[in-house]
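All figures in this text were calculated on a predicted structure; none of them were measured in a lab. Protein chains get the first letters and strands the later ones, always in sequence-line order, with residue 1 at the start of each.
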There are 2 protein chains.
Amino acid sequence: MTLSETELLAKQGNDEAFERLVSSDPVLVDVRPAIDVVPGMTATTILTSGAPLPWERYHNGQRTAVIGGALFEGLAQTPEEADEKIQAGAITVGACHDYGCIGSLAGIYTASMPVFVVENRTMGNRAFCNFYEGESRKRLNYGVYDDDVRRGLMFIQEVIAPVIAEAVRRAEDGVPLRPLMRRAIHQGDELHSRNTAATLLFTRELFPHLLDVAEDMPTEVSRTLAFLKESDYFFLRLSMAAGKATADAAHGIEGSSIVTAMSFSCRELSIRVSGLGDEWLRGPLPDVEAKLFEGFTKDDVVWMGGESSINETVGLGGFVQAAAFPLQAYQGGSAEEMIRMNLEMYEITVGEHPEFRIPYFSYRGAPTGIDIFKVVEKGITPVIDAGVAGKDGGQIGAGVVRPPMGCFHAAADAYRRRYGSAVADAPVADGSI
Amino acid sequence: MTLSETELLAKQGNDEAFERLVSSDPVLVDVRPAIDVVPGMTATTILTSGAPLPWERYHNGQRTAVIGGALFEGLAQTPEEADEKIQAGAITVGACHDYGCIGSLAGIYTASMPVFVVENRTMGNRAFCNFYEGESRKRLNYGVYDDDVRRGLMFIQEVIAPVIAEAVRRAEDGVPLRPLMRRAIHQGDELHSRNTAATLLFTRELFPHLLDVAEDMPTEVSRTLAFLKESDYFFLRLSMAAGKATADAAHGIEGSSIVTAMSFSCRELSIRVSGLGDEWLRGPLPDVEAKLFEGFTKDDVVWMGGESSINETVGLGGFVQAAAFPLQAYQGGSAEEMIRMNLEMYEITVGEHPEFRIPYFSYRGAPTGIDIFKVVEKGITPVIDAGVAGKDGGQIGAGVVRPPMGCFHAAADAYRRRYGSAVADAPVADGSI
């Protein structure tokens, strides 16, 4: 088969993007307040999940969360004042992705919040993610701000982050995350809705350094160990920062039709595509197949944003569900269904990850590199594991999300406008390894 | 259906034995030299795996291992002297099981060796297991004794065991093992040939205490952490001690046809049955379906004992293989085969474990309580995961063992002699919960 010029460009672009996705080497190198390390961050910036929207379009928990961020940071004394200042431009609301950050649920970042600094050693780029707030269902990133939430955030800021920062600085050359993630997938994690083993592995990695840190701050180290022990979700923010550092490295490659971000706001699901620049391709929000906590019904479910789907973008989460059967207890479903969905993901990706491997599939590599044209042609959308937020704020469950085709059609149209229509009619990528 | 008197006795016995198996609560309470805690242990006792044999019957690696134990303990200066002293009765060779101990492979215990002391809180009985020697393929329990093996044993004795002993003593009320085992099964372990997650979970449990211990012995704590990190197998000895404490609690119940030990020597596979007293029911050795390390062939495989099958006896190992697909990389096979074998185990057991649950089977409880009559009637023998020893000593692989029917027929015959024959013709147990 002879490839047309456009097809060749697409193939080369996708091969390159895939190679970057699977060769990325994210390393935790530091923990710092956002203002000190996030490019473009200011004292009056608040970051939130999703492609940017005009302020008046933010509603429900996501709006509450942004306002909560302003209150937490001391940028306003009341929600009304925060609202006015945002409208007046005295407080800037930005999109996490535009700042190298990645938002969990509503994804609120303010200047003083500590962030993980993850460096992609292969490409040299950096990404950031802030900290898991703890096991309470009511958290700022789930659209709640009250005294308990504030205390939780301050505990992270004053105890957990400083201890981990000290430990990471004692680790010679940082803490490589890829080996931990590779192992965690062999221990029942898919690294989106289950991070139990990864959190353990990360804790063990820190422990020799914590012994050292404990000489100066024994109480803080003990409290950090206790927090890590009860926070099975802790590593999610590290896998997200790793995912962002990885996906960004694969972004901006001429001709590539591979997805480099999937980002939810309270209004839309938007994606970015490697060969389509920084444009967000927007579409409607999906339904959720969720297992809800006792006392909640489907009517309670609301969208308030979420960018942890960066993990699916790099071959984790729903793309390695068959490595994480224990997840059934948390988000429902069955092993059979997880296997079926996981296998489907090979249909819409360009290759298999050489390091992230699924034991149940005889250690087959994770399906990696979502191709918008495969999605459109097969009518199969990505499987995304997700926490579920409630209309009154807080987490009310967890489940699986299958996005509607909207954003993928938008992306295919944009691609055709930019590169010509031939591509859509032929197999674009053959990056399997 | 009306049950005969014998059938009723069998049913009641098996119900009671099953209840004890699943309600046992093994807790690590101490680490001490064997001589200090193992009842009946003397300065000149060496324990080894399997039903007792006359000394001249011990051959290959198991004989080498017993003699190595004598040399290690300083009971003889040369192998010849050790041999003579054993023949003369100046050194006693005993069976691990008879001393509350449980042998990994050749299972060598000498007086000075540190052992885990595990107490079954439900029943009050205790069991002991010595320490994993480390990742080297050449180990005393695999029939090798040389300077490297000696150094490894001394390292355990002088560094690892004292640190863990100190940490355990600081744990208020010991370290409960059951919750760690329950979690490990949700993290890819079957707790026989894969103990990766359990070792991690155990390490984390010790962390807070190690912080404390490090104040007095910082170097030793660091070395212990490094050892734990590289020793994914470390927890096996804890799961074995827990298994022994559990199985012993279910032993000695009138009428019960449930297996309470499966024990390999270099000559035989022998079992004990709850209702048949301390008699060993002996049969031939099985073949091994093994994945051998590079450079070895089936001709290199030898039997030199093994009692880690105590874990299968209490519903772990081969009985939860479908929770441990990552095991394929170590001992071969396929996910399909593991599932098939695991399901078979429900055919020969009397119930399902309420805490040890298999995510792949929608969290169905592990098949627990092997009934000799189910084994004989169905012609299905237990699935046992096992390390494989080589004829020149050392580990040469790992695999799955399906015992021949010999010891089960011997047990059924003994049962009929004791309780009458009616039992064997009818379903004996219905302990499913």
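Crowding of Arg223(A) atom CZ: a count of heavy atoms from other residues, nucleotides or ligands under 6.0 Å not exceeding 12.
When heavy atoms are compared at a cutoff of 4.5 Å, Ala197(B) approaches chain A by way of both its backbone and its side chain. Only the side chain of Arg183(B) comes within contact range of chain A, with at least one heavy atom under 4.5 Å from a heavy atom of that chain. Interface residue Leu200(B): backbone and side-chain heavy atoms are both found under 4.5 Å from chain A. Neither the backbone nor the side chain of Ala184(B) has a heavy atom closer than 4.5 Å to any heavy atom of chain A. For Ile358(B), no part lies near chain A; criterion is any non-hydrogen pair under 4.5 Å. With a 4.5 angstrom heavy-atom cutoff, Ser334(B) does not touch chain A via any of its atoms. Tyr363(B) touches chain A through its side chain: at least one heavy atom from C-beta onward sits under 4.5 Å away, while N, CA, C and O do not. The part of Leu228(B) that comes within reach of chain A is its backbone (N, CA, C, O), which places non-hydrogen atoms under 4.5 angstrom from that chain. Residue contact with chain A, scored on non-hydrogen atoms closer than 4.5 Å, involves the side chain of Asp232(B) exclusively.
Looking at Arg194(B), its side chain never comes within 3.5 Å of a backbone N or O of Leu191(B) through a donor-acceptor pair.
Using cut-offs of 30° and 60° on the angle between ring planes, the pair Phe155(A) and Phe227(A) is perpendicular.
Checked for salt-bridge contact, Arg340(B) and Glu336(B) miss the test: no charged N lies under 4.0 Å from a carboxylate O. Taking 4.0 Å as the cut-off between side-chain N and carboxylate O, Asp212(B) and Arg169(B) do not count as a salt-bridged pair.
Residue Tyr360(B) comes nearest to Gln328(A) through the heavy atom pair N-NE2, 4.4 Å, listed as atom of the first residue, atom of the second, then distance. Smallest separation of non-hydrogen atoms from Phe202(B) and Leu180(B): CA-CD1, 3.9 Å.
Between chain B and the residues Pro326(A), Ala329(A), Ser222(A), the most heavy-atom pairs under 4.5 angstrom are made by Pro326(A).
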